[in-house]
Participant: 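I'd like to ask you about the structure that follows.
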Amino acid sequence: MRESGKIDWEQFRRSGEWLELPLETLEGIASTSSMSESEAERDSSAELPALRAGSHPHHVRQWLLALSLFPEKWMNRLFSVRGIQFVDGVIRLRTFLHADVEKEPIYRLAKLPPGSTERAASVLFEDDWCLVLDKPSGMPVHPSAAGQRGTLDEAAARHCLMNGDPQSVKHIHRLDDDTSGPVLYAKNDLAQQRLDAAMRQKTIERHYAAIVQGKLLRRRGTIDEPIGKDRHHGARRRVSNTGDHAVTHYEVVEAYRTASLVRLQLETGRTHQIRVHMSHLGHPLVGDTLYGGSSRYLNHQALRGELLVFPHPLTGAPVTVAAPEPQWFAKVREELGAHKNS
């Protein structure tokens with residue numbers, strides 16, 4: 001992906017299903033760039049061939065690939081479905097496709113009225129490319145069985161449906177059912193490819209706040225311990241030499257008489273990672289009975305997503321999204337704060 005600072009992304013606009021790219025803007029980019037080595041091999045002159053009225057979509061595709069603006073896989077898929085046009089000096093890419101709301105399972109559920117016990121998920125950020133929802137505690141991100149109601153995926157689809165733009169929204173990462181906080185969704189194939197790549201490259205930052213039992217010996221540290229399944233308990237994970245690489249950074253924010261408020265940042269995204277790592281340190285999360293925590297103050301883990309930072313799927317510019325503190329978390333923190341050490 002080309003550096004965002006060199007491109008006037010505001011000139012790239014949505015028109016219905018199409019992303020419109022003015023040729024004049026693209027020619028300005030082309031005049032200050034050169035082909036990559038692989039692209040130069042496809043064109044021995046190593047120069048961008050000019051586009052003109054009537055240029056074939058294959059020519060347009062090769063021209064755009066030479067600019068390194070979009071993934072080759074995505075451009076090839078667009079070409080295969082006739083999703084590339086060149087009209088009146090504007091390149092048009094069929095980017096914002098609507099889902100078939102009659103056939104796609106999540107939209108079939110989204111068309112139904114919300115359940116009486118379904119919790120609301122507020123929108124923290126949205127544009128044509130992505131959506132960030134604030135997942136409440138107790139709501140699963142995705143269905144665990146066909147037809148399951150009340151998931152965040154259903155809430156995301158219903159939101160898009162009500163706004164008249166039912167694109168195929170896909171979550172990019174997940175949170176445990178009882179963990180609250182921001183969850184990022186891609187609203188089209190290009191956004192999904194870009195954000196999935198950002199997850200693999202670890203350029204999406206996820207910051208959490210947790211209340212753990214006891215007082216940590218060190219105010220900050222890094223837990224670098226592999227996590228695998230617990231063969232004695234199907235729902236649990238454990239630190240295991242044969243597990244997957246997992247890294248968690250933590251910092252103590254506040255110490256109470258019997259607990260601590262900590263902020264955490266993940267380098268990896270293993271199932272139950274924070275819960276396993278803090279329990280391994282001897283400081284399970286308050287309320288997390290699965291990993292040794294007490295349910296005195298809360299009947300689920302005291303863990304919330306606090307901040308999400310991700311590169312925008314079109315521009316690459318960093319987007320920072322903060323989630324408000326939920327009432328249940330504030331209540332536990334305040335109850336423990338009544339016994340705070342001076």
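Position 1 is the first residue of the sequence, and the numbers go up from there. Only a predicted model underlies this, so the values are computations on that prediction, with no experimental measurement involved.
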Participant: Ignoring hydrogens and angles, tell me if any N or O in the side chain of Lys135 forms a donor-acceptor pair with the backbone of Asp176 under 3.5 Å.
Facilitator: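 Pair found, side chain donor or acceptor close to backbone of Asp176.
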
Participant: For a side chain to side chain contact (heavy atoms under 4.5 Å, CB included) check, start with the C-alpha distance between Met278 and Leu216, then their side-chain angles and the critical distance, and finish with the verdict.
Facilitator: CA-CA 10 Å; Met278 296 312 295; Leu216 283 74; 3.9 Å; yes

Participant: Following the transitive rule for hydrophobic clusters with a side-chain heavy-atom cut-off under 4.5 Å over Ile, Leu, Val, Met, Phe, Trp and Tyr, establish whether Val183 and Leu161 coincide in one cluster.
Facilitator: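 In one cluster with Val183: Leu161, yes.
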
Participant: So Leu175 and Tyr208, side chain to side chain contact (heavy atoms under 4.5 Å, CB included) or not? Walk me through it.
Facilitator: CA-CA 11 Å; Leu175 293 175; Tyr208 297 82; 3.4 Å; yes

Participant: Heavy atoms only: give me the nearest Gln193-Pro71 pair and the separation to one decimal.
Facilitator: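 For Gln193 versus Pro71, the nearest heavy atoms are OE1-CB, 3.7 Å.
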
Participant: Within 45 degrees of the ring normal and closer than 6.0 Å to the centroid, is that where the cationic atom of Arg304 sits relative to Phe329?
Facilitator: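 Yes, a cation-pi geometry holds between Arg304 and Phe329.
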
Participant: Anything under 30° is parallel, anything over 60° is perpendicular, the rest tilted; go ahead and classify Phe12 against Trp9.
Facilitator: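 Ring orientation of Phe12 relative to Trp9: perpendicular.
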
Participant: To the nearest 0.5 Å, what is the distance between CG (Leu298) and CG (Leu303)?
Facilitator: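 Separation between the atoms: 10.5 Å.
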
Participant: Out of Val60, Leu67, Leu65, which residue meets the side-chain contact (heavy atoms from CB on, under 4.5 Å) rule with Trp63?
Facilitator: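 Among the candidates, only Leu67 passes.
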
Participant: Counting C-beta onward and ignoring hydrogens, is there a side-chain heavy-atom pair between Val123 and Leu133 closer than 4.5 Å?
Facilitator: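 The answer is yes, as the side chains (C-beta and beyond) meet within the 4.5 Å cut-off.
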
Participant: Are Pro140 and Gln148 side-chain neighbours, meaning at least one heavy-atom pair lies under 4.5 Å?
Facilitator: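 Yes, their side chains come closer than 4.5 Å.
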
Participant: Looking only at atom types and distance, does a side-chain atom of Arg174 sit under 3.5 Å from a main-chain N or O of Thr271, one as donor and one as acceptor?
Facilitator: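 No, the answer is negative, given that no donor and acceptor are paired below the 3.5 Å cut-off.
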
Participant: For Arg108, what residues pass the salt bridge (charged side-chain N to carboxylate O under 4.0 Å, His left out) criterion, not counting sequence neighbours?
Facilitator: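 Testing Arg108 for salt bridge (charged side-chain N to carboxylate O under 4.0 Å, His left out), a comparison that skips the adjacent residues, returns none.
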
Participant: Under 3.5 Å, side chain of Arg194 to main-chain N/O of Pro313, donor-acceptor pair present?
Facilitator: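 Yes: the side chain of Arg194 pairs with the backbone of Pro313.
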
Participant: Take Phe70 and Leu19 through the test side chain to side chain contact (heavy atoms under 4.5 Å, CB included) and record every step on the way to the result.
Facilitator: CA-CA 12 Å; Phe70 304 108; Leu19 175 65; 4.2 Å; yes

Participant: Would you find a donor on one side and an acceptor on the other, under 3.5 Å apart, between the side chain of Thr95 and the backbone of Leu93?
Facilitator: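 A pair under 3.5 Å: yes.
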
Participant: Apply salt bridge (Lys or Arg N to Asp or Glu O under 4.0 Å) to Arg14 and Asp165, showing your working.
Facilitator: CA-CA 12 Å; Arg14 179 180 180 180; Asp165 191 24; 2.8 Å; yes

Participant: Is there a side chain to side chain contact (heavy atoms under 4.5 Å, CB included) between Ile106 and Thr151 once you walk through the steps?
Facilitator: CA-CA 10 Å; Ile106 200 65; Thr151 66; 4.2 Å; yes

Participant: Do Gln213 side-chain atoms and Ser294 backbone N/O form a donor-acceptor pair below 3.5 Å?
Facilitator: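 Yes, the answer is positive, given that a donor and an acceptor are paired below the 3.5 Å cut-off.
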
Participant: With no hydrogens and no angle check, is any side-chain donor or acceptor of Gln273 less than 3.5 Å from a backbone partner on Val247?
Facilitator: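 Side chain of Gln273 to backbone of Val247: a pair is present.
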
Participant: For the side chain of Lys187 and the backbone of Asp127, is there at least one donor-acceptor N/O pair under 3.5 Å apart?
Facilitator: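 Flag set: sc Lys187 to bb Asp127 pair under 3.5 Å.
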
Participant: By the definition side-chain contact (heavy atoms from CB on, under 4.5 Å), identify the one residue from Leu290, Val239, Leu281 that meets it with Val276.
Facilitator: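 Of the listed options, the one satisfying the test is Val239.
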
Participant: Looking at Arg333 and Glu254, is any side-chain nitrogen of the basic one under 4.0 Å from a carboxylate oxygen of the acidic one?
Facilitator: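 No, Glu254 and Arg333 are not salt-bridged.
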
Participant: Strictly by modelled atom types, are Asp288 and His300 linked by a side-chain donor-acceptor pair under 3.5 Å?
Facilitator: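 No donor-acceptor contact under 3.5 Å links the two side chains.
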
Participant: Please say which of Arg92, Gln11, Gln85 ends up in a side-chain hydrogen bond (donor to acceptor under 3.5 Å, both in side chains) with Glu20.
Facilitator: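 Between Glu20 and the candidates, side-chain hydrogen bond (donor to acceptor under 3.5 Å, both in side chains) is satisfied uniquely by Arg92.
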
Participant: Do Val253 and Tyr297 sit in one hydrophobic cluster, given that two such residues count as connected whenever their side-chain heavy atoms are within less than 4.5 Å of each other, even indirectly?
Facilitator: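 In one cluster: yes.
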
Participant: For Phe86 versus Ser55, what's the shortest heavy-atom pair and its separation?
Facilitator: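 Looking at all heavy atoms of both residues, the shortest contact is CD2-CB, 4.2 Å.
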
Participant: Using a 6.0 Å cut-off, check whether atom CG of Leu217 has over 12 heavy atoms from anything other than its own residue.
Facilitator: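 No, CG of Leu217 has 12 or fewer neighbouring heavy atoms, counting only those of other groups under 6.0 Å.
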
Participant: Going by an N to O cut-off under 4.0 Å, is there a salt bridge joining Glu17 and Arg94?
Facilitator: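 Yes, charged N to carboxylate O under 4.0 Å.
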
Participant: Between His272 and Tyr291, does the ring centroid distance fall short of 6.0 Å?
Facilitator: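 Distance test on ring centres: under 6.0 Å, yes.
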
Participant: Taking atom CD1 of Ile204 and atom CG of Leu184, what is their separation to the nearest 0.5 Å?
Facilitator: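 Reported value, rounded in 0.5 Å steps: 5.5 Å.
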
Participant: So, for Thr222 and Tyr250, which heavy atoms are closest and what is the spacing to 0.1 Å?
Facilitator: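 Minimum heavy-atom contact is N-CE2, 4.1 Å.
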
Participant: Quick one: do Val169 and Leu152 end up in the same hydrophobic cluster if we chain Ile, Leu, Val, Met, Phe, Trp and Tyr together by side-chain heavy atoms under 4.5 Å apart?
Facilitator: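 Yes, one cluster joins them.
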
Participant: So, Tyr107 side chain and Gln167 main chain: donor-acceptor pair closer than 3.5 Å or not?
Facilitator: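 Indeed, once roles are kept as given, a pair shorter than 3.5 Å links the two residues.
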
Participant: How long is the span from the CD atom in Glu267 to the NZ atom in Lys202, to the nearest 0.5 Å?
Facilitator: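 These two atoms lie 5.5 Å from each other.
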
Participant: Out of the candidates Glu225, Arg270, His277, only one should pair with Thr248 under the side-chain hydrogen bond (donor to acceptor under 3.5 Å, both in side chains) rule; please name it.
Facilitator: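 Between Thr248 and the candidates, side-chain hydrogen bond (donor to acceptor under 3.5 Å, both in side chains) is satisfied uniquely by His277.
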
Participant: Should the heavy atoms of other residues, nucleotides or ligands under 6.0 Å from CZ of Arg220 be counted, would the total exceed 12?
Facilitator: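 No, CZ of Arg220 has 12 or fewer neighbouring heavy atoms, counting only those of other groups under 6.0 Å.
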
Participant: If the plane angle is over 60° it's perpendicular, under 30° parallel, otherwise tilted; pick one for His171 and His142.
Facilitator: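 Taking His142 first and then His171, their aromatic rings lie parallel (interplane angle under 30°).
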
Participant: Provide the closest heavy-atom pair for Pro226 versus Asn241 in the form atom of the first, atom of the second, distance.
Facilitator: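 Heavy-atom minimum between the residues: CG-CA, 4.1 Å.
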
Participant: Answer yes or no: is there a donor N or O on one side and an acceptor on the other, between the side chain of Ser15 and the main chain of Trp18, under 3.5 Å?
Facilitator: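 Not confirmed, Ser15 side chain does not pair with Trp18 backbone.
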
Participant: Report the residue from His207, Arg263, Arg206 that forms a side-chain hydrogen bond (donor to acceptor under 3.5 Å, both in side chains) with Glu306.
Facilitator: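 Looking at His207, Arg263, Arg206, the match for Glu306 under the side-chain hydrogen bond (donor to acceptor under 3.5 Å, both in side chains) is Arg263.
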
Participant: So, for Met199 and Ile172, which heavy atoms are closest and what is the spacing to 0.1 Å?
Facilitator: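 Met199 and Ile172 have their closest heavy atoms at CG-CG2, 3.5 Å.
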
Participant: So do the side chains of Glu205 and Leu307 get within less than 4.5 Å of each other, counting heavy atoms only?
Facilitator: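 They are not in contact (no side-chain heavy atoms under 4.5 Å apart), so the answer is no.
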
Participant: Could you tell me the separation between the CG atom of Leu336 and the CG atom of Leu261, rounded to the nearest 0.5 Å?
Facilitator: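 Reported value, rounded in 0.5 Å steps: 9.5 Å.
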
Participant: Is there a chain of hydrophobic side chains (I, L, V, M, F, W, Y, each step under 4.5 Å between heavy atoms) that links Val319 to Leu314?
Facilitator: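 Val319 does not cluster with Leu314.
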
Participant: Which heavy atom of Leu195 sits nearest to which heavy atom of Pro311, and what is that distance?
Facilitator: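 Answer, listing the atom of Leu195 first, then Pro311: CD2-O, 3.6 Å.
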
Participant: With a cut-off of 6.0 Å (strictly less than), are more than 12 heavy atoms of other residues, nucleotides or ligands near CD of Glu24?
Facilitator: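 For Glu24, atom CD is not crowded (no more than 12 foreign heavy atoms under 6.0 Å).
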
Participant: Output yes when a side-chain donor or acceptor of Ser260 lies under 3.5 Å from a complementary backbone atom of Ala255, and no otherwise.
Facilitator: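 No, the answer is negative, given that no donor and acceptor are paired below the 3.5 Å cut-off.
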
Participant: Rounded at 0.5 Å granularity, tell me how far NE2 in His280 sits from OG in Ser240.
Facilitator: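 If we round to the nearest 0.5 Å, His280:NE2 and Ser240:OG are 11.0 Å apart.
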
Participant: Give the cluster check for Leu190 versus Val90: same hydrophobic cluster or not, with ILVMFWY residues linked at side-chain heavy-atom distances below 4.5 Å.
Facilitator: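 Hydrophobic grouping puts Leu190 apart from Val90.
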
